[in-house]
Amino acid sequence: MVAEVIVDVAHSDVDRIFDYACGDLLPGTRVSVPFGKTVTTGFVMRLKERSELPADKLRQVLRAEEVPALTAESLFLARKIAARYRVPLALALRLFLPAEMRTGKVRESYRTFLRLADADAPVSARAPRQRELILFLKDNKEADSALLREKFGGAVKTLLDRGVLAAEKRRVLRAPYLAAEASETGGRELTPAQRRAVDTVNRTEKTVTLLHGVTGSGKTEVYLNLIAERLARGQSALFLVPEISLTPQMLAQLRARFGSAAAILHSGLSAGERFDEWQRLREGSAKIAIGARSAVFAPVENVGIVVIDEEHDGSYSSESAPRYNTFDIALLRARYNGCKLVLGSATPSVETYRRAKEGEFELVSMPDRVNARPLPRVQIVDMRREVRRGNASAFSSALRERLRACLEEGNQAILFLNRRGYSQTVICRDCGYVAKCEHCDVSLTYHSDEGCLKCHYCGATYKIPSSCPSCGGKSIRYVGTGTQRVVGELGALFPSARVLRMDVDTTSGKEGHYRILRKFADREADILVGTQMVAKGHDFPSVTLVGILDADMSLHFPDYRSGERTFQLVTQVAGRSGRAQEPGEVVLQTYDPENYILRFAAAYDYEGFYAHEISMRAAMGFPPFAKVVRVMVTGEDEAETLSALRETYEKLRPVYEANADRFLFFHRMHAPIKRIQGKHRYQVLMRLLDGALLKEIYDACAEVKSKNALVYVEENPSNLS
Ligand code: ADP
Ligand code: ZN
């Protein structure tokens, strides 16, 4: 046989098939092959009878793994991705094989277990530890040998040598979140709305269904039901959620319902855990892959359903090559397997909602909360009036009052700040100097606990200047509201309240989010203060108050999606309140109380928001009526980066000139943030009527020869900074 092999080298020079002679192999098998003067790994893409190569040129596969690492579907998808996003096939293949598997540094984990081979063996009266050990194993049947050695020391070896004990080496699984206990949600009766949603997905002819359900409408139960039905038929499922912080809760529910058939895949796991979870899916002993965006590549076969929860979430687009969109891959998988794809959200993205409205997707709504619990009332507070009244704190008097009442009633509150980056920066009151990072074109953030300034793009830390580096003046001030400052103010306002902070600074490390959420869920704190992370689908029954401290901050980003983002954030974070028996409320603080986005959000009026937003997008020529394409050019050396920009622009210009009527915009310029981590950032920004010219654009960019600069294409980027 001859194997067509892609070598695992992500470079366009070797991005083609190499033939190798081999024995009996399956596609997807990982092999070692001679390559030039070295040996490298590769993947068998296809097998054939003979090669075009002359026999003396055809080299042999050196080693092959027993079980193919990649499924037939993975090979199919990798080909599609490589073509769609213009990346070497080797790079696309890597998506399907986590780093742990690729590098071979992580292996199955084995432990040795000991049991009694001869329970009646005589033991000398002068060896009490040996006797204890035998008694212990009589009680426990078997135990880990490392543990026994710790407990009984040398007695273990003595008895092993004498054949009184028998050893057995077994594979053990490193399962994540074993601490997540079973919840009570195992297969309960569906509400009529949930039943209708499940039936709609099952009956529709359309591949994609959008489940538009308000927060607390019970979308999770719908997903679980759909998944259970597939599992019963022997099929598997892909269940994607936006945030690592969400998965423990979700996983607890899935474990309660499906036991070890559920496997979790995400970057917060240890390498060993990820390896084992992936293996369980690949072997088919686990059938449900749950995780963030990369779980869309999970090695499950015979997929019966794909679910994307919180489909509007920005984390579903990848920010490193290949810059894939999770929905695109999910749709490919649904088509490949002939199964349904369900998108769920309380605040669908404008583009998704339009496709559902136009009939491309099935649309099913769940407009009410489970058991008709009311959505929390939203009170809009005008912060300009607070300032005029001399209140310079982060809390309006209304929010302070509601917070006091909430705590007195023994309930919990969540306080939300829009952006960590909005936290405190250092400015000079005399000359207006703002402390900026030396490597990035962004202002620094003051961290009171460490007494320093930090760059949130590259992590560099700086000393706090005692005088202004620009004018030498002494009027250095901190401005802005950071989570730390809010926590400080809370301490002064409610000294006995227990406060938890959740932002990028406090959630580092494995299971960092989980620890904080667990604490809050266990009522070890009364108030949770945080950024975006607290907005997402957590379900805390005792939370009756949500305070949004700076509702309009995200309105002022240079991005056509900033209105949509704000609407989504406000709705999501408001949805955390009053989910159980107690009714909830929301206090929304803003300097722009007339803003239509905030008005629609406060009224839970998605239709109103959508109608307004879609007409504005149509008038302005923004997606979904146009396509925003940005070609980024970044590099360390400014002159080289600029010359790469010029070359990119020249390659793109013929595409533009031949199709000028399809372009709404075509310009080269600095990116809004001019430098990140020492890399200069330039862009060719385009707005096109549709995606018809994408292939030409990718092709043109692939032709750029400039070295020392990275050139890549972004489609409707979720972040235009
Ligand atoms: P969503 O994801 O739509 O925001 P959830 O799935 O978190 O909503 O459900 C909201 C609440 O309703 C949860 O506390 C959940 O346990 C509860 N719930 C969901 N479905 C049912 C049901 N069929 N019967 C009783 N309670 C339910
Ligand atoms: Zn920096």
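Computation of the quantities below employed the complete heavy-atom set of this structure, encompassing side-chain atoms and omitting hydrogens, waters and symmetry-equivalent molecules. Counting convention: from 1, in listed order, for ligands and their atoms alike. For reference, positions follow the sequence shown, starting with 1.
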Is it the side chain (CB and beyond), the backbone, both or neither of Arg188 that lies under 4.0 Å from ligand 1, heavy atoms counted? side chain

Looking only at heavy atoms, is any part of Thr220 under 4.0 Å from ligand 1, and if so is it the side chain, the backbone, or both, or is it neither? both

For Thr215, the ligand 1 atoms whose distance to one of its heavy atoms is below 4.0 Å: 4 (O)

For Glu362 and Thr200, test the side chains for any donor-to-acceptor distance below 3.5 angstrom and give the result as yes or no. no

Please confirm whether Ser217 approaches ligand 1 to less than 4.0 Å, judged on its heavy atoms. yes

Look at Glu360 together with Arg355 and state whether they make a salt bridge at an N to O cut-off of under 4.0 Å. yes

Are any of the N/O atoms in Gln194 less than 3.5 Å from those in ligand 1? yes

Taking only Lys NZ, Arg NE, NH1 and NH2, and the carboxylate oxygens of Asp or Glu, determine whether Glu613 and Arg354 approach each other closer than 4.0 Å. no

With a cut-off of 4.0 Å, which atoms of ligand 1 are near a heavy atom of Glu189? 22 (C), 23 (N), 24 (N)

Judged on heavy-atom distance to atom 4 (O) of ligand 1, which of Gly218, Ala193, Ala346, Gly216 sits nearest? Gly216

How far does CD of Glu564 sit from CD of Glu351, to the nearest 0.5 angstrom? 7.0 Å

Run the numbers for me: atoms of ligand 1, each under 4.0 Å from some heavy atom of Thr191, listed by number. 23 (N)

Ion pair check, Arg257 and Glu221, cut-off under 4.0 Å: yes

Rounded to the nearest 0.5 Å, the OG atom of Ser562 sits from the CZ atom of Arg565 at a distance of 8.0 Å

Looking at ligand 1, does Val214 have a heavy atom less than 4.0 Å from it? yes

State whether Glu715 and Lys627 are salt-bridged, where the test is any N-O pair (Lys NZ or Arg NE/NH1/NH2 against Asp/Glu carboxylate O) under 4.0 Å. yes

